[in-house]
Amino acid sequence: MTLKEVINQIRQLVNQALMDLQYDNIEYDVSEPPKTDFGDLTTNIAFLLSKRIHKKPNEIARELVYNSINYQLKKIGKHSLILNANAHISGHINFNINYTSFNNFLLKLFKQNKSLIPNIGDNNKIVIEHTSVNPNKALHIGHIRNVIIGDSLYRLFKLTNHKTIVLNYIDDSGVQVADLIVAFKFADFSSDNIKKKIKFDQYCGEIYVKMNELYNNNLELIEKRKLIIKEIEQGNTELAQFTNYIVDKIVKQQLESCWRIKSRYDLLVIESQILLSKLWEKTFHLLKEKNIIYYSTTGKNVNCWVLRDEQNEEKVVIRSDGTVTYIAKDISFAVWKLNLVDDPFTYTKFSLQWDKSILWKTILKSENTNTHLNPIEIFFMEKRPNKVITIIDSRQERLQKIISRVISDIDPSTNRYVYLGYETVALSSNSVHDIGMKLDNINKKIIHMSGRKGIFINADTILDELHSKASYEVKKRNPDFDDTTINEIAEGIAVSAIRYNLLRQDLDKMITFDMKEALNLDGDTSLYLQYSFARAMRIIEKGDGSLGEFYNINNDKIRCDLLNHHIERDLIKEISKFNIIIEESLNTLNPKILTKYANKLCTRFNSFYENIPVLGAEVILKLSRLMLVKIFVNVLANLFEILGIESFPRI
RNA sequence: GGGCUCAUAGUUCAGUUUGGAUAGAAUGGCUGCCUGCGGAGCAGUUGGUCGUGGGUUCAAAUCCCUCUGAGCCCGCCA
């Protein structure tokens, strides 16, 4: 029983009232009013009805309340979840919760040791692709937005009992990687960074910038690049092997950064393997069969295979020289993700991850392939994924929409392919200045990041700065902590701060990254949540010492009805929204909702903390309040799990 | 030229899907509160013609249109 049940009961009351008074049953809203003075919940039914029949909203509201709802409430009696209903002069019908009976849900949860997480996944299968950064540079703050959105959604699906796997696409056969190989093989750059004291991926990022400057007056190098791309596609040459070696090394370094912010994956999908797998040939066959593409004999696309499109936005999938375009590769990747063709891959272990899970990578099936099935093969064999979510920034929106359309042409029955876009991260003029770059136009307030031009701030740089600031502050407040503990907490603060910061705003809004702002740890930040957690844990620790065990208070003495201060009620009501919030963020694929909720929940708790004594209260009240604190901690811990925020009993 | 997105307090952002009550947070400024369960906190105060102009409606930040400003996308590149 949570707020959802209260809402349901209100709907029952209103529906019955509509029947009693012979009004049409129409869609209406039950939600929280803007001010608490108006009550706990409100409905707009009177306004909607007044649109149909010519009567004032206020009259309808009064009629519904006085001629039906009040009688119903009387009948249900004192165990009702609704205390009363009021017809407001404006036309709103407001309801107050009967907290005496409502609060009992806390005790029920507590006794049954139940989590509030709704089990709505029903083992549905979800595929999420995120990160997918070209393996030629280190991750910058813009890439991190992608990683955090993807990883938080993964955690959300996982916790609500969906079978979920996470893909990271490694484009090892494009120009970006080829640029690096040209640098190492034909332009005298060393592929060894032993002398430099930076990570290999960062080192490569720097070379990539220098290489692009070199191209300007060296056309021969561009020819070399073409050669390299061809060799990578063919595989098996010495150059291809060297490329594999470099890409492997960079991917491992990139993953270090991803793992540092507590993201994890199940499978690396390697583009060169896709090219060798004949997956495109199968997809091509499918597209021809479904009449989605045709061979153009006239016009600008003469001798090409093209996607049909009525709006005259046809896209070439096979060039006149027979080679495959970028979108064609993307379509075949999508076809594979949705399991619309036979899986040409088998999977081999790439690495162990921080959460002890195995990260796999694609390799081609061959005769001596082990017959023993691994978890990835099993995932794709059982049944098709219910949903495939691809997370890429909004610059790819047009392309992704075309892919979605092609997919629904192939498989019209379902809508399984979901593109989740988000706006990019740009740098504030201050931060551009900080990294020693100059803005072209002094009037520009922001500048977009560019790996090629060297305009970016690496993810690790930001984390390091946050870490060192947090470390200083933790030490100041906890002089008794040893260095290991301080480091651990500082890292937890830094990682959580980045995650929360990038998650808390709308996906369709560009983030202007500013180092100074990012280092601020006051107000609406993850630290506010972590601090609330530590405060609650401190009460529990001093209260009955059952740190880490949430459900071992003597249940029989607890009286939920004593938790009737308006501050306690506010906290309880907030807690009771947890499952609604989870469902909403899941349905809208919007993790931001969870950050807003977490902040509100902690605001309620901090108000409780400042105003309502727990340990100093008389014994029954103390036990009851202690229970409330423990449930708060439990809910918050669940939110932390989804948002990837680390919790510490002391901070 | 065509398409998409955004514009709300000095600043960073909620609220727009589904119109409804006095437009909310955070931060900054100002003012209180630590011998009390941790002051990285709490309470208060300051601050907004919701980009412009029109339309629909009993009612518009929210829906429709115009214009302005910002950003992105539109290749036989990836």
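Residue numbers start from 1 in every chain, and the chains themselves are labelled A, B, ... in the order their sequence lines are given, proteins ahead of strands.
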Where the side chain of T42(A) meets the backbone of S31(A), is there a donor-acceptor pair that is under 3.5 Å apart?
no
Ring centre gap for F648(A) and F533(A) strictly below 6.0 Å:
no
By nearest atom, which of the nucleotides rG38(B), rC13(B), rA78(B) is closest to the D171(A) side chain?
rA78(B)
So what does I89(A) touch, heavy atoms closer than 4.0 Å: a base, only the sugar-phosphate, or nothing?
nothing
Nearest-angstrom distance from the residue atom CG of L519(A) to P of rU12(B):
18 Å
Sugar-phosphate only, base, or nothing, as touched by R398(A) at under 4.0 Å among non-hydrogen atoms
base
For a quick check of understanding: with a heavy-atom distance under 4.0 Å over all strands, which category does N94(A) fall into, base, sugar-phosphate or nothing?
base
Taking only the side-chain heavy atoms of P34(A) (C-beta and beyond), determine which of rA21(B), rC76(B), rG38(B) contains the nearest atom.
rA21(B)
Hunt down the Watson-Crick or G-U wobble partner of rG41(B), both distances under 3.5 Å, from any strand shown, or write none.
rC33(B)
Side-chain N or O of Q505(A) less than 4.0 angstrom from OP1 or OP2 on rC13(B)?
yes
Less than 4.0 angstrom between a side-chain N/O of R625(A) and OP1 or OP2 of rC37(B), yes or no?
no
What contact category does I612(A) fall into here, base, sugar-phosphate, or nothing, at under 4.0 angstrom with non-hydrogen atoms?
base
Identify whether any heavy atom of D514(A) sits under 4.0 Å from a base atom; if not, whether one sits that close to sugar-phosphate; answer base, sugar-phosphate or nothing.
nothing
Return no unless some side-chain N or O of H448(A) is found under 4.0 Å from OP1 or OP2 of rG71(B).
no
Please report the distance, rounded to the nearest Å, between CD1 in I402(A) and C1' in rG75(B).
12 Å
Taking the six-membered ring for Trp and the full ring for Phe, Tyr or His, determine whether the centres of H92(A) and F38(A) are under 6.0 Å apart.
no
From OH of Y609(A) over to C1' of rC42(B), roughly how many Å is that when rounded to an integer?
11 Å
M510(A) side chain: which of rU22(B), rA40(B), rG71(B) is closest?
rG71(B)
Over how many whole Å does the gap from Y326(A) atom OH to rA78(B) atom P extend?
10 Å
Classify the side chain of T325(A) and the base of rA78(B) as holding, or not holding, a donor-acceptor pair under 3.5 Å.
no
Taking any heavy-atom pair under 4.0 Å as a contact, classify D508(A): base, sugar-phosphate, or nothing.
sugar-phosphate
Closest of rU11(B), rA40(B), rU27(B) to the E473(A) side chain is rA40(B)
Taking the minimum atom-to-atom distance to the side chain of P613(A), which one of rG39(B), rC37(B), rA59(B) wins?
rC37(B)
Of the listed nucleotides (rC13(B), rA40(B), rC76(B)), which one gets closest to any side-chain atom of L521(A)?
rA40(B)
Any base atoms under 4.0 Å from K469(A), or only sugar-phosphate, or nothing? Heavy atoms, all strands.
nothing
Touch check for I651(A), heavy atoms < 4.0 angstrom, all strands: base, sugar-phosphate only, or nothing?
base
Report the nucleotide, chosen from rA59(B), rU18(B), rC76(B), that has the shortest atom-to-atom distance to any side-chain atom of D29(A).
rU18(B)
K509(A) has a side chain; which of rA21(B), rA14(B), rG39(B) sits nearest to it?
rA14(B)
Could you check whether any side-chain heavy atom of V474(A) comes within less than 4.5 Å of a side-chain heavy atom of F481(A), counting everything from C-beta outward?
yes
Distance check: side-chain N/O of K600(A) vs OP1/OP2 of rG24(B), anything under 4.0 Å?
no
Heavy atoms only, 4.0 Å cut-off, all strands: where does K56(A) land among base, sugar-phosphate and nothing?
nothing
If you go through the side-chain atoms of S394(A), does one of them form a donor-acceptor pair with the base of rC72(B) closer than 3.5 Å?
no
Pick one: which of F632(A), Y528(A), Y531(A) meets ring-ring contact (aromatic ring centres under 6.0 Å, His included) with F605(A)?
F632(A)
G-U wobble or Watson-Crick pairing nucleotide for rG1(B) (cut-off 3.5 Å, both distances)
rC74(B)
R11(A) NZ/CZ over Y28(A) ring centroid, <6.0 Å and within 45° of normal
yes
Quickly work out the N606(A) CG to rC37(B) P distance and round it to whole Å.
16 Å
Phosphate OP1/OP2 of rA78(B): any R319(A) side-chain N/O under 4.0 Å:
yes
Of the nucleotides rC76(B), rG41(B), rG15(B), which has the atom closest to the K592(A) side chain?
rG15(B)
Nearest-nucleotide comparison on RNA chain B, the residue closer to the 5′ end among F38(A) and Q176(A)
F38(A)
Quick one: which of rC76(B), rA40(B), rG15(B) gets closest to the side chain of R477(A)?
rA40(B)
A side-chain contact here means heavy atoms from C-beta on lying under 4.5 Å apart; do T323(A) and I318(A) qualify?
no
For rA25(B), does OP1 or OP2 lie under 4.0 Å from any side-chain N or O of Y597(A)?
no
For L49(A) and rU18(B), give me the distance from atom CG to atom P, rounded to whole Å.
19 Å
Between rG71(B) and R395(A), is there an OP1 or OP2 to side-chain N/O distance shorter than 4.0 Å?
no
Using Watson-Crick geometry (N1-N3 plus N6-O4 or O6-N4) or G-U wobble (N1-O2, O6-N3), each under 3.5 Å, rU27(B) is paired with rG10(B)
Could you check whether V302(A) gets within reach of a base, just the sugar-phosphate, or nothing at all, counting any heavy atom under 4.0 Å?
base
Spacing of K226(A) atom NZ relative to rA78(B) atom C1', expressed in whole Å:
15 Å
Report the glycosidic orientation of rC34(B): syn if within 90° of 0, anti in every other case.
syn
Test the R225(A)-Y215(A) pair against the cation-pi criterion, namely NZ or CZ under 6.0 angstrom from the six-membered ring centroid and within 45° of the ring axis.
yes
Could you check whether P57(A) gets within reach of a base, just the sugar-phosphate, or nothing at all, counting any heavy atom under 4.0 Å?
nothing
Using the aromatic ring of H92(A) (for Trp, its six-membered ring), decide whether it stacks on the base of rA21(B) within the limits of 5.5 Å and 30°.
yes
For V474(A), answer base if it contacts any base atom (sugar-phosphate contacts may also be present), sugar-phosphate if it contacts only those atoms, and nothing otherwise; contact means non-hydrogen atoms under 4.0 Å.
base
D522(A) atom CG is separated from rA25(B) atom C1', nearest whole Å, by 15 Å
Non-hydrogen side-chain atoms of R504(A) and T525(A) separated by less than 4.5 Å
no
rC76(B), OP1 or OP2 - any side-chain N/O from K315(A) closer than 4.0 Å?
no
What nucleic acid atoms does T42(A) come within less than 4.0 Å of, heavy atoms only: base, sugar-phosphate, or nothing?
base
